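Indexing begins at 1, ligand by ligand and atom by atom, following the structure's order. The structure displayed is predicted, hence computed values, not measured ones.
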Amino acid sequence: MHPLLERAKKVMPGGVSSPVRAFLAVGGEPPIVAKARGAEITDVDGKVYTDLVGSWGPMILGHSHPAVVEAIARAAYEGLSFGATCEREVMLAEAVLCRFHWADKVRFVSTGTEAVMSAVRLARGATGRSRIVKFEACYHGHVDSLLVKGGSGLATLGIPSSAGIPPALAELTEVLPLDDEKAADALFAEKGKEIACVIIEPLPANSGLLVQRRSFLEHLRKLTREHGALLIFDEVISGLRVAMGGMTEITGIEPDIVTLGKIVGGGMPVGAYLAKDALMTQVAPLGPVYQAGTLSGNPVAMAAGLATLKLLEDKQVYRELDARGAMLQRGFERAMERYDIVGSVARMGSILWLSLQKGPPPRAWHQVDMSGAKLYGKIHRHAMHNGLWMAPSAYEVAFVSLAHDAEHIERASQAFERALEAVRKES
Ligand SMILES: *Cc1c(COP(=O)(O)O)cnc(C)c1O
C-alpha cells in the first residue's frame, strides 16, 4: 500500500472524505492525487491519467482553467470571506437567473446537499405539508430524508438507505420507481393532499444515466399541480452541464424549484436554489423558512463560479461538448464491439455511462442488471493501469470537459480498448 494511503487510513474513515473515493466497489488502491490540469490528473508518484471523473461533475472547463484560477487569485487578495453581501455574489446571482429566466431569485449555499435540503424545507414550509416524494436511484446529496434508496454510493456498497435516519423521518419519504406514471398516479390518489413536493433529477445521473422520457417529467408536472404539491428539479449535475439552463431548458418544463451545485461553483464549494418570488419570499429574512450559512456567497467561490459561467456563455460550447462526448462514445463502443463486451453507452451531451447489459440502456433502476458491476471492476482496474481514470463504481457516469481535445479522447479510447483486451485475456 502507498505510504500516503496508509497514513490516510489511519486518520480518516476509509482513508477518504467521501465514500466512493475509497475504490471499495472496484478493488485496487485509490491513487493519491498531486495535481490536475486540463483533462489530466497526476498522482503523487507522477503517473498521469486522462480524467473522466472531472471531480464528479464541476470541472466542465477542465482542471485549473487559467481564467478561473486567475479570478480566484484576484478575489482571494480582496478577502477570503466577508459574512456580508459582495459584488461578485450579486453578479453570479444575475448570471444564474439569466440562464433560468423563469425564476426570480436565487439563494446561495455551499454544497448541493445543502441546496436540496433547503429546497425541501422551503417546499414543506410553503405548502404546510410534510410528505415528500423521491425516485429510486436518484441521489440528492446526503440529506437525512433523501438517503432512502438513493444513488450509486448506496447501491455500490449495497446499502438500501443509510443508518442513522430516524424511522419517523424516513416514513415521510415516499419512493417511486422512475419511468412509471401509474405508480405516481396511485401514490397521489392515496396521499396527494399530504405531499409537499416531488423531487427528481430530471436527468438521473447518479445510478448510471437513466434518461427519462419527457412525457414522464411532464406527467409529474401535471400531477403535482393538480394536487397542490411542488416540483423540484435537482439539477446539481445537469444544470449548466447539458445546456445553459439545464434540463429545464431542454425539456421546456418549468419546475417550482431548481437546485444547482457542482458547475455553478467552478470547482469551489457552491450550491444554489432558485424559484419564483411567490416561493422565495417565504425564505428568511423575508419569510418564515429559515436557512443561513457562514460561508454562503463566499467571494472566492463566487469568483470561480462567475469565471466558469462566463466561459460557458457561448452556445457553441454545448455543441462542442456534445461532439466530444459523441467521439468518446464511439471510441468506447468500437472497443466493446472488438472485444465482444455486451453493453452500450448511454449519453446525454458530455455525460456518458457504460451500461454493461443487453439491450438499450435502462430507464429505471429495477431494469439495471447488477451483474455488470463485477465486469466493470475488472475494466476499471485495467483502465487505471493504462492511465485512464474512470469512476470507481459501475453506476457512476463519466464526464467529458472542454479540455478534452481529440487527442485526449483518442488516448482515453485506446486505454479503454487495452483494458478490455486485458479483461478478455484474464477470462
Ligand atoms: C452531487 C449531487 C448532490 C449533492 O451535492 P454535494 O455538493 O455533493 O453535496 C445533490 N444532487 C445531485 C443530483 C447530485 O449529483
**Q.** Candidate with minimal heavy-atom separation from atom 9 (O) of ligand 1, of Thr113, Val109, Val270, Leu260
**A.** Thr113
Q | Basic-acidic side-chain contact under 4.0 Å: Glu218, Lys222 | A | no
**Q.** Residues Leu203, Ile250; criterion side-chain contact (heavy atoms from CB on, under 4.5 Å); working and verdict
**A.** CA-CA 11 Å; Leu203 177 63; Ile250 287 183; over 6 Å; no
(Q) Test of understanding: given a 4.0 Å heavy-atom threshold, classify the contact between Glu235 and ligand 1 as side chain, backbone, both, or neither. (A) neither
Q | Atoms in ligand 1 with a heavy atom of Gly112 nearer than 4.0 Å | A | 4 (C), 5 (O), 6 (P), 7 (O), 9 (O)
Q) Is any side-chain N of the basic residue among Glu254 and Lys276 closer than 4.0 Å to the acidic one's carboxylate O? A) yes
Q. Of Trp353, Tyr376, Trp365, which meets ring pair (Phe, Tyr, Trp, His ring centres under 6.0 Å) against Tyr395?
A. Trp365
Q. Does Glu114 reach ligand 1 with a nitrogen or oxygen that is under 3.5 Å from one of the ligand's nitrogen or oxygen atoms?
A. no
Q: May I ask you to check if Lys47 and Tyr49 form a cation-pi contact, with NZ or CZ under 6.0 angstrom from the six-membered ring centre and within 45° of the axis?
A: yes
(Q) Quick test of your reading of the structure: of Met117, Glu201, Lys262, whose heavy atom lies closest to atom 2 (C) of ligand 1? (A) Lys262
Q: Using a strict cut-off of 4.0 Å, indicate which atoms of ligand 1 neighbour a heavy atom of Tyr139.
A: 11 (N), 12 (C), 13 (C)
Q | Sub-4.0 Å atoms of ligand 1 with respect to non-hydrogen atoms of Asn206 | A | 12 (C), 13 (C), 14 (C), 15 (O)
Q.
Looking at Lys10 and Glu6, is there a salt bridge between them, counting it only when a charged N and a carboxylate O are closer than 4.0 Å?
A. no
Q) If you count the non-hydrogen atoms of other residues, nucleotides and ligands that lie under 6.0 Å from OH in Tyr290, is the total more than 12? A) no
Q.
I'd like to check which ligand 1 atoms, numbered from 1 as shown, lie under 4.0 Å from a non-hydrogen atom of Thr111.
A. 7 (O), 9 (O)
Q.
His140 versus ligand 1: do any nitrogen or oxygen atoms come within less than 3.5 Å of each other?
A. no
Q: Consider only side-chain N and O atoms of Glu320 and Gln316, and report whether a donor and an acceptor are under 3.5 Å apart.
A: no
Q | Asp234 neighbourhood, listing ligand 1 atoms whose heavy-atom distance to it stays under 4.0 Å | A | 10 (C), 11 (N), 12 (C), 13 (C)
**Q.** ligand 1 contacted by His142 (non-hydrogen, < 4.0 Å)
**A.** no
Q. Which atoms of ligand 1 are found less than 4.0 Å from any heavy atom of Ile237?
A. 15 (O)
